[in-house]
2 protein chains.
Amino acid sequence: MNFSKTTEYSLRILGFMAIEDHKLYSAEVLNQNLDIPFRYLRKQLTRLTNDGFLISYRGKAGGYKISKPLNEITLWDIVNATGEDSLYHECIFGFDSCAFGNKCALHHKWAKIQNSINDMLKNTTLEELKRTKPERFTIQHNLMLTKNV
Amino acid sequence: MNFSKTTEYSLRILGFMAIEDHKLYSAEVLNQNLDIPFRYLRKQLTRLTNDGFLISYRGKAGGYKISKPLNEITLWDIVNATGEDSLYHECIFGFDSCAFGNKCALHHKWAKIQNSINDMLKNTTLEELKRTKPERFTIQHNLMLTKNV
DNA sequence: GCTAAATAATACCTGAAGGTGTCAATTATA
DNA sequence: TATAATTGACACCTTCAGGTATTATTTAGC
């Protein structure tokens, strides 16, 4: 009952980069801050670039930066891009057909929770994350050796 | 962002058996009703028995039945028994240490959702499921060939 | 007691998520 | 232009949840 590692990593990466969203971050710097295996981080950075969240700059002094205004990127966008199983209409019993119409009491309770998760993801942008920096990120933020473009 | 198959199956099995909780259900009958691969269902039934949710009767005309009053079995008990990752104190970024104290806005939103899930699971017993039979279960319930002990 | 029908135990198989290794392509700067 | 530092591409490895196969054990009923 968690997001996949890949989803968590995506949130970490973009959540971290949002703190100073105009900086260019190298994979090396991100690796020093985010506790994600280097090779896998690299793979995910390429994916996030292909998915349009990041712009990459190759060559010496290259790196990544966030591609659009922070208030245009919701957590929902990020979560969905990882191929995370949809949170819509999931039955707690795992039945495909249990999601529509009037079902058990459990179904209503579960739908309510699902909706609260979906709403939260859809209504939270990276902008909000920037305003309220996660403590974990800020602790290590001093260590960063970032560069301006 | 779902429960594991194993958790879903456990909920299905016990949710179904709760509808007529004094009946003895064979693995065969459960298989006909629950859309769970037979061998895997068998394995899970043995596990649920070892975990104390079911009592098994071996030999001809054997089967399984629920071991205690329905109001003593919460969904929380079932979910936890499958080894489902704890829903307590999970950080949406997947950091172990991000779960305590005052963190980002996201942390508070996430904790609120986690709590609502935990509360729901802890406050819902099989008794409630019995009272409000899932449609999917009742549809097929006529097909059952159950036996009394 | 024999047989059939049920569960128990144990080992194995499989696909996909997560993770790694290697080399190619790009680019700033000396 | 040579070099070093960066990302891109692509193939491979590993682990484990989910699923399968086989044989042993138990018991009702003839």
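In what follows, chains carry the letters A, B, and so on, assigned in the order in which the sequence lines appear, proteins first and then strands, with residues in each chain numbered from 1.
Between B:E28 atom CD and C:dA4 atom P there is a gap of 18 Å when expressed in whole angstrom units. Residue A:R42 contributes atom CZ, which lies 15 Å from atom P of C:dA25 at whole-angstrom precision. If you measure from atom OH of B:Y25 to atom C1' of C:dT7, you get 18 Å, rounded to the nearest angstrom. Here the C1' atom of nucleotide C:dG18 and the CG atom of A:D35 are 14 Å apart, to the nearest Å. Atom P of nucleotide C:dA16 and atom CD of A:E84 are separated by 17 Å, given to the nearest angstrom. Look at CZ on A:R47: it is 16 Å from P on D:dT7, rounded to the nearest Å. The separation between A:F3 atom CZ and C:dA17 atom P is 17 Å, rounded to whole Å. Between the P atom of D:dT23 and the CZ atom of B:R39 lies a distance of 11 Å, rounded to the nearest Å.
Tested against A:R47, the residues A:D51, A:N50, A:T49 include a single side chain to side chain donor-acceptor pair (under 3.5 Å) partner, A:D51.
Considering only side-chain N and O atoms, A:S4 lies nowhere under 4.0 angstrom from the phosphate OP1 or OP2 of C:dA17. Phosphate proximity of D:dA9 to A:T46: absent, as no side-chain N or O sits under 4.0 Å from OP1 or OP2. In terms of phosphate contacts, A:Y57 brings no side-chain nitrogen or oxygen within less than 4.0 Å of OP1 or OP2 of D:dA5. Contact annotation: B:Y64 reaches the phosphate of C:dA8 (side-chain N/O to OP1 or OP2, under 4.0 Å). The side chain of B:Y9 contributes no N or O atom lying less than 4.0 Å from OP1 or OP2 of D:dG18.
Judged by atom type and distance alone, B:K43 reaches the base of D:dG19 through a side-chain donor-acceptor pair under 3.5 Å. Taking only distance into account, the side chain of B:R58 never meets the base of C:dA6 through a donor-acceptor pair shorter than 3.5 Å.
Within 4.0 Å (heavy atoms only), A:F38 reaches no atom of the nucleic acid at all.
A single hydrophobic cluster is not seen to contain both A:F38 and A:L34; linkage of ILVMFWY side chains at heavy-atom distances under 4.5 Å, directly or through other members, places them apart.
With hydrogens and angles left out, the side-chain atoms of A:D77 and A:T74 include a donor and acceptor closer than 3.5 Å. Side-chain polar atoms of A:T82 and A:T7 form a donor-acceptor pair below 3.5 angstrom. The closest side-chain donor-acceptor pair between A:T6 and A:Q44, if any, does not fall under 3.5 angstrom.
For B:S26, whose side chain is taken as the heavy atoms from C-beta onward, the closest listed nucleotide among C:dT7, D:dT7, C:dA8 is C:dT7.
Heavy-atom nearest nucleotides on DNA chain C were determined for A:K5 and for A:K60, and the one closer to the 5' end corresponds to A:K5.
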